[in-house]
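Single-structure report; data block below.
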Amino acid sequence: MYPIKGFIETSFLDWPGKVAAVVFLPGCNFRCPYCHNHELVLRPQTLLNIPLDNILERLKGFKGWIDGVVISGGEPTLQGKLPELIGIFKQEGFLVKLDTNGSRPDLLEQLISKRLLDYIAMDVKAPLDDLHYRRVTGKAVDVRQIRKSCDLLMSSPIEYEFRTTICPALLNLHDCEDLFAQLSGAKKLTLQNFNPHSTLDPKLQDIAPLSAQEMQALLESAKKWVKSCRVAG
């Protein structure tokens, strides 16, 4: 059984330039305070499993309309059957995009080498040092693994983007500029403004997101280092 806990039939937002279905897998090794999918992270056992056969049956009716399937979470790379699940979608003729936090570079390398993925969106949470990462993810993180994933994507032929959520309570201007410099030479970076609605840490619900002008200023800063940058939404 594949532990699929959520399914969106069509999305115009989850894969830049493509129409895609989205499946959500449970569990995560991070505890980011601003996470909105925290039921998948903290209480996946309370969510019903969606049978893969049901999803494949629904997708048959969308062939020729949707381009591919996005596998998101949670953190999908924690699931042992992830390569098998991706393979099934590929056999059905769909492109596959993976959303990941980059904590398992060896698995990413395996998926890339087997040509199972067509696009990877990797969340880079903070400047690449243990202290910043622990603050933003709520967990002790081996940042060497995050760096390895970044290097892997930047040196591979696969299409990819890095994504960073800008939460004013967790990242300041200098943090952002340090991170942009560390991603120098990357192909794509998407900046996502913090959303205070229904966060894993309720205290963040009182934090105001950045203004459009402040996000634009960060975007201009990022463009000094990354080839293609955008603000999501």
Side-chain angles (χ1 to χ4, degrees), residues 25-38 40-42 44 72-80 82 98-112 120-156 158 160-196 199-207 209-210 214-215 218-219 221-222 224-226 229 232:
L25 306 186
C28 188
N29 49 347
F30 292 175
R31 293 294 183 271
C32 303
Y34 52 71
C35 178
H36 295 119
N37 288 345
H38 42 82
L40 281 171
V41 174
L42 301 177
S72 192
E75 174 48 43
T77 62
L78 299 181
Q79 301 298 329
L82 178 62
L98 178 69
D99 292 341
T100 180
N101 62 25
S103 60
R104 297 196 64 195
D106 293 344
L107 178 57
L108 288 181
E109 187 171 22
Q110 174 190 335
L111 295 174
I112 292 170
I120 297 175
M122 176 180 159
D123 292 310
V124 185
K125 307 287 186 175
L128 299 173
D129 63 75
D130 293 341
L131 184 61
H132 278 98
Y133 243 79
R134 179 164 191 154
R135 183 183 183 199
V136 176
T137 65
K139 288 282 186 176
V141 177
D142 184 353
V143 177
R144 293 173 299 177
Q145 300 303 303
I146 307 299
R147 288 180 177 272
K148 187 175 178 180
S149 290
C150 290
D151 292 342
L152 173 65
L153 296 192
M154 292 173 67
S155 63
S156 78
I158 194 170
Y160 72 90
E161 67 178 288
F162 295 124
R163 305 186 300 196
T164 300
T165 297
I166 310 298
C167 177
L170 300 172
L171 294 176
N172 60 35
L173 175 61
H174 296 297
D175 295 332
C176 294
E177 290 176 342
D178 287 345
L179 175 56
F180 300 155
Q182 289 169 336
L183 296 178
S184 177
K187 290 181 180 178
K188 296 181 183 179
L189 173 64
T190 297
L191 303 181
Q192 302 173 143
N193 203 354
F194 163 69
N195 181 351
T199 53
L200 185 150
D201 184 351
K203 294 177 183 176
L204 290 186
Q205 295 175 26
D206 296 325
I207 301 297
L210 295 183
E214 289 170 321
M215 288 297 295
L218 281 179
L219 182 66
S221 177
K224 300 172 186 175
W225 303 98
V226 179
C229 304

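Counting heavy atoms from C-beta outward, L171 and K125 have side chains that stay 4.5 Å or more apart. For the pair T164/I166, a side-chain contact is recorded, criterion being any heavy-atom separation below 4.5 Å from C-beta on.
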* Any chance you could lay out the side chain to side chain contact (heavy atoms under 4.5 Å, CB included) test for I112 and L153, step after step, and finish with the verdict? => CA-CA 9 Å; I112 292 170; L153 296 192; 4.0 Å; yes
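Rounding to the nearest 0.5 angstrom, the gap separating the CD atom in Q205 from the CG atom in N195 is 9.5 Å. Note that SG of C35 is 8.0 Å distant from CG of L40, once rounded to the nearest 0.5 Å. Here the OG atom belonging to S103 is positioned 8.5 Å from the CG atom belonging to L108, to the nearest 0.5 angstrom. Expressed to the nearest 0.5 Å, how far CZ of F194 lies from CG of L204 amounts to 5.0 Å. With rounding to the nearest 0.5 angstrom, the CG atom of D123 is 8.0 Å from the OG1 atom of T100. Here the CG atom belonging to L128 is positioned 5.5 Å from the SG atom belonging to C150, to the nearest 0.5 angstrom.
Applying the ring pair (Phe, Tyr, Trp, His ring centres under 6.0 Å) definition to pairs two or more places apart or across chains, those involving residues 160-191 are Y160-F162. For residues 145-155, the side-chain hydrogen bond (donor to acceptor under 3.5 Å, both in side chains) pairs, not counting sequence neighbours, are D106-K148. Pairs passing the side-chain hydrogen bond (donor to acceptor under 3.5 Å, both in side chains) check and including a residue from residues 129-144, sequence neighbours excluded, read D129-H132, H132-D175, D142-R144.
When all heavy atoms of L82 and T77 are compared, the closest pair comes out as CD2-CA, 3.8 Å. Summarising the geometry of M154 relative to S184, their closest heavy-atom pair is CE-O, 3.3 Å, with the distance given to 0.1 Å. The minimum heavy-atom distance linking Y34 with C167 is given by the pair CD2-CB, 4.1 Å. Listed here is the closest heavy atom pair of M215 and L210: SD-CD1, 3.7 Å. Closest approach of L25 to P76, counting heavy atoms only: CD1-CB, 4.0 Å. Shortest non-hydrogen contact noted between P105 and L152 is O-CD2, 3.7 Å.
Legend: residues meeting side chain to side chain contact (heavy atoms under 4.5 Å, CB included) with L42, ordered by chain and number and at least two apart, are R31, H38, L200. Partners of V226 by side chain to side chain contact (heavy atoms under 4.5 Å, CB included), not counting sequence neighbours, listed by chain and number: L183, A186, L189, C229. Here Q192 pairs with T165 under the side-chain hydrogen bond (donor to acceptor under 3.5 Å, both in side chains) rule; sequence neighbours left out.
The main-chain N or O of G73 is never found under 3.5 Å from a side-chain atom of D99 such that the two would form a donor-acceptor pair. Although no hydrogens or angles enter the test, the distance criterion places a donor-acceptor pair under 3.5 Å between the side chain of E75 and the main chain of N101. Distance alone, capped at 3.5 Å, is enough to place a donor-acceptor pair between the Q79 side chain and the P26 backbone. Of the possible polar contacts, none joining the T190 side chain to the R163 backbone as a donor-acceptor pair under 3.5 Å is found.
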